[in-house]
Amino acid sequence: MGGILKVKRFLGLYILSLVLLVILSYFSIAEGTIPIKDEQLEKYLLEGTTGNVIMDQIIEKLRLPRVVGAIVVGLGIAVAGILMQGYFRNPLADPYLMGVASGASLGVVLYVFTSLLFKMGVPRSIYGFIISAYIGSLATMVAVINMARIVKQTATLLICGIMIGAIASGLTTLVVYTGDYMGEENSKLAEYLMWGMGSLNNLTWGQIKIMTIVIIPTVILTYIFFSKKLDANLLGEKYAISVGVDVKNLRKWLITLSCILTATVVSFTGPIAFVGLVCPIMARMISGTSKHIYVIPMTALLGSIYVLFADILTRPGVVIPQTSNNIPLLAPLSIIGAPIAIIVYLKVRKMGI
Amino acid sequence: MMNYRYVIILALLVSVVGLFITGVYFGGNAKSITIDDTTNFVIYQTKSTVDSIYYKITGKHIFPQTPLDESTKFKYIILKKYRLPPIVGAILVGLTLSTCGLMLQTLFRNLLSSPYTTGISSGVLFAVTLVIFIYSFAELFSTFKVDENIIAGWCGGLLSLIMLIIIALRVKEVNGVLIVALLMSYLFRGISAYLMANGTDFTIQEYYTFIIGNVARVNVNNIFQMVISTIVFIIGSIFLIKPLNALLFGETYAKSFGLNVKKIRILILLLASFIVGVIIPYVGLMAFVGIAAPYLARPIIRTSDHRWLLPATMLVGVVLMLMCHIISLKYWVPIFYLYNIDRPAQVLPIGSILDVLGGLLVIYLVYNGEKKIRIQ
């Protein structure tokens, strides 16, 4: 009986958040420097055109990629967060705070730099970006894991992650200035700096296709193969081994998967902060359980909602005046995320995890 | 043992002077200024200073001055206005922030605390950002007839100080305080990013130099305030040496020693936020001097007695900052020789080098064993 009730409750929750996602997508298409009116949108949905070529272009080339991009990005980063939290058995683990996202961005910057340094060098392709981001994030992750072995305290580990982030950003500045000296155009380098604060502005359909191809299967495979094992892992290593989970193998997989997710997202959008921390916690709170079978889909949905919402907030004409520039995505994410993180930290301390 | 410490302090002093001279001679990328020019400039400045003092006392010239020709005059102006102030700025930053770090580390009994990790720097930076982006704030702070940046810096410092005390009351363990403070700095950064939306290109540029940290902003006009506040700070910290030593042995000991522990704590925090509020508005965020300098100074001086540790930390901080300053000016040299590029290079923000060096150092510190992250 209880089981059926639970399932009903979760179905209700999923439907509710899906509805929320649709509503937010509507706003995301409508809001911006050039707002799109309801009649135009209705016409576009029914007839496939607004009757105005420019408006069509805006919807197809600017707004829709952002909506789809935000959904995919949020999904990927939130699930990466839940995997990292499973690995460290620590609710404060997050791809951004642990420095993995900064490592990935460092990888991308170094890739650009090497292609500058050896002039014949590596061609600048999308795959090069992804692979270098992946290598960078993996290297950072290995460093963090090694540190986690020594440092038992959660707090110190987080501080280390933040330090790694600082190193990465310092090196990024260094590389950008050296690139400037070597004759890279200034505007392009400024773009990289801006990219360091996260943004969904420049996503194209091609990039979104690649992200979707990598992220969606990874998330589904994670859900199918690892949700039970993650539950066991959360209860402690000994318990997990006694249930028959190969903990070492599991941990390796967790790292690889979360690195793949983070690197894929970061190589296109720049670091996305706090999503991986806030969404799993909210999902656990809303669904009232920490069973991953329920939590992972909820987290993915919440991640999409969070990033979509934050992306709407960065547009001119929503919070800031119509005439101003776009804001980096980091701003709404950290303004919402940081207080939640602080509250969670204070609560977690009380529970003594 | 005593002799060893004297030798160490002396060696540090010598290296500070050496780096200072190197900085003066090689601290610029202007090709027209040769080494001879710099030497002449130093001699000219010393002569004219001595002469003016002598003239005030006796009314006679000791070194009669010959008028300079135009190009020399121009070179001297460059040296005086653009080469010297950043070096002095680097020295002041190293001196004050490392001392602050040492005090906070003793206060919190944790090797990872510094003006940056306790959130004081971020608070100051936030207030200054408000002044940069919002005109009415700038108006408000400029009513005091002092540079509005300093007033804003002090306000921000006090704000973050109050926040720090509130957090410390709720969270008993030190690492927790640091985490909450760091998360707060993320919040501040987010709000600043929102303010950027209305900024002009110029103010956004200014903001970027703030979050990276750059001593090139120090100039002849604002160096005076910095020097005066630093002197006040040094005098204050000399008075705090004994209480700091007492705190080292633990609270109960300090109490039995007849010390008002609460008062001392608030004094230390006030002094720290005072100096950070003056320095940070001019140079931007300097993240790791506060952690790195005391950490390096401890094994060098081989004691945790603040009578020795405090000056050693100051000097190590200065050495660190001067080295970073010289690297930030000369980072292009290897590329220059590899690729024969013949064009002027921009000056790298000093904060980025500091981030890399200091961050690596801190991670090494954690790596080296968590047991040691406690002050014996």
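From a predicted model like this one, the values you see are computed outputs, not experimental measurements. Reminder, nothing fancy here: chain letters follow the sequence lines and each chain counts from 1.
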- Message: Take a 6.0 Å sphere around CZ of A:Phe88 and say whether it holds more than 12 heavy atoms from other residues, nucleotides or ligands.
- Response: yes
- Item | For A:Arg315, all residues meeting salt bridge (charged side-chain N to carboxylate O under 4.0 Å, His left out), sequence neighbours excluded | A:Asp311
- Query: When rounded to the nearest 0.5 angstrom, what is the spacing between CZ in B:Arg189 and CG in A:Leu330?
  - Reply: 7.5 Å
- Message: At a 4.5 Å cut-off on heavy atoms, which part of B:Leu187 comes close to chain A: side chain, backbone, both, or neither?
- Response: both
- Query: What residue in B:Ile353, B:Leu182, B:Ile291 has the most heavy-atom pairs under 4.5 Å with chain A?
  - Reply: B:Leu182
- Task: Under 4.5 Å heavy-atom distance to chain A, tell me which part of B:Phe288 shows up: side chain, backbone, both or neither.
- Result: side chain
- Please state whether the side chain, the backbone, both or neither of B:Thr117 comes within less than 4.5 Å of a heavy atom of chain A. side chain
- If you measure from CD1 on A:Ile343 to CG on B:Leu183, what distance do you get to the nearest 0.5 Å? 11.0 Å
- Query: Atom CG of A:Leu97 and atom CD1 of B:Ile179: how far apart are they, to the nearest 0.5 Å?
  - Reply: 8.5 Å
- Item | Side chain / backbone / both / neither for A:Leu333 at chain B, heavy atoms under 4.5 Å | neither
- Message: Return the CD1 to CG distance between A:Ile167 and B:Leu357, rounded to the nearest 0.5 Å.
- Response: 9.5 Å
- Query: What ring pair (Phe, Tyr, Trp, His ring centres under 6.0 Å) pairs are there with at least one residue in residues 305-341 of chain A, not counting sequence neighbours?
  - Reply: none
- Select one option (side chain, backbone, both, neither) describing which atoms of B:Tyr194 are under 4.5 Å from chain A's heavy atoms. both
- Where on A:Pro316 is there a heavy atom nearer than 4.5 Å to chain B: the side chain, the backbone, both, or neither? neither
- Can you name the closest pair of heavy atoms from B:Gly190 and A:Ala331 and give their distance? O-CB, 3.3 Å
- Most contacts with chain A, counted as non-hydrogen pairs under 4.5 angstrom, among B:Pro349, B:Gly358, B:Gly351: B:Pro349
- Considering all heavy atoms of both residues, which atom of A:Gly170 and which atom of B:Asp355 are nearest to each other, and what is their separation? CA-CB, 4.0 Å
- Against chain B, label A:Ile336 side chain, backbone, both or neither, depending on which of its atoms sit under 4.5 Å from a heavy atom there. neither
